[in-house]
Amino acid sequence: MAVPLTEPAFRHSYTSKTGVLLINLGTPDAPTAKALRPYLKQFLSDQRVIEIPKALWWLILNGIILNLRPRKSAEKYASIWSSEGSPLLVHTRKQSQLLADKLAAAGLENLVVDFAMRYGKPSVDSVLRRMREQGVERLLVVPLYPQYAGSSVATALDEVFRSLLRMRNMPEIRTVRHFHDFPPYIEALARQVEAHWQANGRGDKLLMSFHGVPRFTLDKGDPYHCECLKTGRLLAERLQLSKEQYVVAFQSRFGKAEWLKPYTADTLTALARAGTQKLDVMCPGFVGDCLETLEEIAMEGKEIFLTNGGGEYRYIPCLNEDPNWLNALTALVRQHLGGWITTPDDPVLRQQRAQDSGAKN
């Protein structure tokens with residue numbers, strides 16, 4: 001059993017708070033090989049991510065990958081790094097701040113909103129400690145992955161539970177499993193596409209590229225593939241696209257094993273060679289632009305398409321700080337906070353305030 005961390009001193013007088021913790025994948029501290037090595041080691045040591053026998057993978061990871069990949073990955077990160085830092089960190093921080101503002105504007109009190117990264121900084125454990133010090137006794141965990149996968153949502157929750165194992169005074173906890181078919185999320189995606197069409201005209205086809213996972217995960221019961229397809233179908237229906245007007249594909253293949261198909265790179269090649277003149281490309285599985293969208297899709301994808309004879313390639317940015325997405329995220333959080341936190345005029349809250357005011361140390 002893990003040794004409990006030192007807890008804040010218990011007091012009857014302090015106000016109990018509810019926490020909302022957003023979790024995203026993570027990012028290195030800098031676009032350098034030195035910073036990439038510990039980040040990649042943490043990421044690729046996760047057995048939810050790499051399901052290869054541990055001893056064999058340790059040799060491959062430490063003997064080959066960590067000696068070769070950091071430099072190459074650093075070059076990719078450098079190509080998308082902004083003056084504010086890593087795009088994923090910047091967008092996740094802003095989403096957290098804007099969500100807190102929206103919840104406060106709705107009159108929700110005694111609420112702490114924060115964010116953490118599964119890999120890198122700020123770590124899940126450090127943010128959970130800070131939230132406990134702020135008096136958080138109820139915790140809603142929101143992994144920012146619309147579609148559930150063991151290698152994304154599950155490992156984020158694993159990290160939360162590992163931290164909770166070390167807490168003497170554990171908070172009550174709720175988790176968001178997925179929101180791949182949440183109507184406000186689909187609506188936010190649709191409006192993002194429509195805004196792009198209004199500004200640039202409508203493309204011949206819409207390519208929705210989701211992050212890939214190994215094919216065997218589907219056979220073992222992971223619902224990710226089905227949830228991606230459902231997101232794609234619902235978005236196409238909302239945009240009134242026929243089956244011939246859109247395609248779902250999967251990117252970021254790693255290693256030699258078969259991954260979910262069709263592969264995005266192969267799809268881009270095929271579309272280019274088929275004479276597609278205007279291709280719109282988006283990544284509905286990412287709520288914030290990052291390496292996989294800005295470098296792999298917006299840059300590498302464009303090169304693949306143009307090199308193979310394609311016409312105009314138009315990347316549609318992720319939701320980022322789009323107001324429709326922030327409204328959707330707020331609605332999702334409020335739905336899952338049901339019964340936990342209320343507006344100031346709620347009678348249950350008034351009764352609780354009366355009880356709190358009469359409490360003594």
Enquirer: Give the intermediate values and the outcome of side-chain hydrogen bond (donor to acceptor under 3.5 Å, both in side chains) for residues R191 and N324.
Expert: CA-CA 8 Å; R191 293 194 180 190; N324 296 305; 3.2 Å; yes
Enquirer: Here's one to test your reading of the geometry: is the NZ or CZ of R215 within 45 degrees of the ring axis of W259 and under 6.0 Å from its centre?
Expert: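 Verdict for W259: no cation-pi partner in R215.
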Enquirer: What do the steps show when you test E292 against S252 for side-chain hydrogen bond (donor to acceptor under 3.5 Å, both in side chains), and what is the final call?
Expert: CA-CA 7 Å; E292 287 80 4; S252 307; 5.4 Å; no
Enquirer: Run the side-chain contact (heavy atoms from CB on, under 4.5 Å) test on Y246 and L207 for me, step by step, so that the C-alpha distance in whole Å, both residues' side-chain angles and the decisive distance to 0.1 Å come before the verdict.
Expert: CA-CA 6 Å; Y246 78 98; L207 170 61; over 6 Å; no
Enquirer: Say whether, by atom type as modelled, one donor and one acceptor occur between the side chain of D46 and the main chain of R48 under 3.5 angstrom.
Expert: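 Checking the backbone N and O of R48 against the side chain of D46, a donor-acceptor pair under 3.5 Å is found.
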Enquirer: List the steps, then state whether side-chain contact (heavy atoms from CB on, under 4.5 Å) holds for F286 with L144.
Expert: CA-CA 8 Å; F286 299 85; L144 291 175; over 6 Å; no
Enquirer: Looking at L88, is its backbone amide N or carbonyl O close enough to the side chain of T92 to form a donor-acceptor pair, meaning the two atoms are under 3.5 Å apart?
Expert: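 Side chain of T92 to backbone of L88, a donor-acceptor pair under 3.5 Å: yes, one is there.
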Enquirer: Where the side chain of E227 meets the backbone of Y148, is there a donor-acceptor pair that is under 3.5 Å apart?
Expert: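 Yes; judged by distance alone, with no hydrogens or angles, the pair exists.
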Enquirer: Is K76 salt-bridged to E300, going by a charged N under 4.0 Å from an acidic O?
Expert: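 Yes, charged N to carboxylate O under 4.0 Å.
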Enquirer: Where the side chain of N200 meets the backbone of H196, is there a donor-acceptor pair that is under 3.5 Å apart?
Expert: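 Yes: the side chain of N200 pairs with the backbone of H196.
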Enquirer: To the closest 0.5 Å, what do you measure between CG (L206) and CG (L239)?
Expert: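 Those atoms lie 7.0 Å apart.
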Enquirer: Among P184, P143, P146, find the one that has a side-chain contact (heavy atoms from CB on, under 4.5 Å) with F179.
Expert: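 So the option named by the test is P146.
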Enquirer: So, R132 side chain and V136 main chain: donor-acceptor pair closer than 3.5 Å or not?
Expert: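 Such a contact is found between R132 side chain and V136 backbone.
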Enquirer: Tell me, with the steps shown, if K278 and D204 meet salt bridge (Lys or Arg N to Asp or Glu O under 4.0 Å).
Expert: CA-CA 5 Å; K278 290 184 179 181; D204 301 326; over 6 Å; no
Enquirer: Which pair of heavy atoms, one from T293 and one from D289, lies closest together, and at what distance?
Expert: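 Scanning both residues, the minimum pair turns out to be OG1-OD1, 2.7 Å.
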Enquirer: Please tell me if the side chains of Q251 and C283 come closer than 4.5 Å, counting only heavy atoms from C-beta onward.
Expert: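 Q251 reaches C283 side chain to side chain.
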Enquirer: Going by atom types alone, do D29 and Y39 pair a side-chain donor with an acceptor below 3.5 Å?
Expert: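 Per modelled atom types, D29 and Y39 side chains form no pair under 3.5 Å.
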Enquirer: Quick one: are T217 and E51 in side-chain contact, heavy atoms under 4.5 Å?
Expert: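 Side-chain contact under 4.5 Å: yes.
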Enquirer: Where is the tightest heavy-atom contact between L40 and S73, given as atom of each residue plus distance?
Expert: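 The pair with the smallest heavy-atom distance is CD1-OG, 4.1 Å.
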Enquirer: Within the structure provided, determine whether Y224 and H211 are in side-chain contact (heavy-atom separation under 4.5 Å).
Expert: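 A side-chain contact exists here, since the closest heavy-atom pair is under 4.5 Å.
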Enquirer: Just how far is it from atom CZ of F250 to atom NZ of K261, taken to the nearest 0.5 Å?
Expert: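 Answer for the CZ-NZ pair, F250 versus K261, is 12.5 Å.
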Enquirer: State, with a plain yes or no, whether a side-chain heavy atom of M131 is found less than 4.5 Å away from one of K17.
Expert: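 No - every pair of side-chain heavy atoms lies 4.5 Å or more apart.
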Enquirer: Taking the side chain as everything from C-beta on, heavy atoms only, tell me whether L61 gets closer than 4.5 Å to S45.
Expert: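 With C-beta onward as the side chain, the pair touches.
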Enquirer: Output, in order, the C-alpha distance, side-chain angles, deciding distance and verdict of side-chain hydrogen bond (donor to acceptor under 3.5 Å, both in side chains) for N327 and K102.
Expert: CA-CA 8 Å; N327 289 338; K102 281 186 167 292; 2.8 Å; yes
Enquirer: Check for a donor-acceptor pair, side chain of E296 on one end and backbone N or O of G301 on the other, with a separation under 3.5 Å.
Expert: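 Pair absent, no side-chain N/O of E296 close to backbone of G301.
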Enquirer: Any side-chain heavy-atom pair from V124 and I23 closer than 4.5 angstrom?
Expert: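 Side-chain contact under 4.5 Å: yes.
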Enquirer: Does a side-chain heavy-atom distance below 4.5 Å link T267 with V247?
Expert: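 Counting from C-beta outward, T267 and V247 do come under 4.5 Å.
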Enquirer: Over all heavy atoms of both residues, which pair between N67 and N62 is shortest? Give the atoms and the distance, please.
Expert: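 Reported closest heavy-atom pair: ND2-O, 3.4 Å.
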Enquirer: Tell me whether D222 contacts the main-chain N or O of G150 through its side chain, where contact means a donor paired with an acceptor under 3.5 Å.
Expert: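 Yes; judged by distance alone, with no hydrogens or angles, the pair exists.
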Enquirer: Is it true that R71 and E75 make a salt bridge, defined as a side-chain N closer than 4.0 Å to a carboxylate O?
Expert: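 So R71 pairs with E75 through a salt bridge.
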Enquirer: Quick check for you: to the nearest 0.5 Å, what is the distance between L25 atom CG and F43 atom CZ?
Expert: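 L25 atom CG to F43 atom CZ measures 5.5 Å (nearest 0.5 Å).
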Enquirer: Can a donor-acceptor pair be found, under 3.5 Å and without considering hydrogens, that links the side chain of T175 to the backbone of R177?
Expert: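 Looks like no, no N/O pair under 3.5 Å.
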Enquirer: I'd like to know if E159 and R162 make a salt bridge, using a cut-off of under 4.0 Å between side-chain N and carboxylate O.
Expert: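 R162 and E159: salt-bridged.
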Enquirer: I would like to know whether S242 and Q245 meet side-chain hydrogen bond (donor to acceptor under 3.5 Å, both in side chains); could you show each step before the answer?
Expert: CA-CA 5 Å; S242 67; Q245 292 176 305; 3.3 Å; yes
Enquirer: Evaluate D158 against R118 for salt bridge (Lys or Arg N to Asp or Glu O under 4.0 Å), listing each step before the verdict.
Expert: CA-CA 10 Å; D158 285 346; R118 171 61 183 90; over 6 Å; no
Enquirer: Could you grab the distance from atom CH2 of W197 to atom CZ of R314, nearest 0.5 Å is fine?
Expert: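 Result: 10.0 Å between the selected atoms.
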Enquirer: Just by distance, do the side chain of Q192 and the backbone of P317 share a donor-acceptor pair under 3.5 Å?
Expert: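 Answer holds: yes.
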Enquirer: Can you list the steps and then say if L140 with V333 is a side-chain contact (heavy atoms from CB on, under 4.5 Å)?
Expert: CA-CA 8 Å; L140 173 63; V333 168; 4.0 Å; yes
Enquirer: For K302, does the NZ atom have more than 12 heavy-atom neighbours from other residues, nucleotides or ligands under 6.0 Å away?
Expert: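 Atom NZ in K302 is not packed in, count stays at 12 or less.
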Enquirer: What verdict does the side-chain contact (heavy atoms from CB on, under 4.5 Å) test give for L271 and Y313, after you've listed the backbone C-alpha separation in whole Å, the side-chain angles of each residue and the deciding distance to 0.1 Å?
Expert: CA-CA 11 Å; L271 289 172; Y313 183 95; over 6 Å; no
Enquirer: Which pair of non-hydrogen atoms, one from R174 and one from L337, has the smallest distance, and what is that distance?
Expert: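 Distance-wise, the nearest heavy atoms are NH1-C, 3.5 Å.
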Enquirer: May I ask you to test the M299-I80 pair for a side-chain heavy-atom distance under 4.5 Å?
Expert: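 Yes - at least one pair of side-chain heavy atoms lies under 4.5 Å apart.
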Enquirer: Between V127 and P122, what is the shortest heavy-atom contact and its length?
Expert: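 The answer is CG2-CB, 3.9 Å.
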Enquirer: Which heavy atom in G339 sits nearest to a heavy atom in R138, and how many Å separate them?
Expert: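 That closest heavy-atom pairing would be O-NH1, 4.3 Å.
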Enquirer: Any salt bridge between E194 and R238, counting N to O under 4.0 Å?
Expert: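 R238 and E194: salt-bridged.
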Enquirer: Would you give the length of the straight line joining atom SG of C290 to atom CD of E295, rounded to the nearest 0.5 angstrom?
Expert: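 So the SG of C290 and the CD of E295 are separated by 11.0 Å.
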Enquirer: K205 and D280: salt bridge (Lys or Arg N to Asp or Glu O under 4.0 Å), yes or no, with the steps?
Expert: CA-CA 6 Å; K205 192 179 288 283; D280 294 322; over 6 Å; no
Enquirer: How long is the straight-line distance from CG of L98 back to NE2 of H91, given to the nearest 0.5 Å?
Expert: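 Spacing of NE2 (H91) from CG (L98) equals 12.0 Å.
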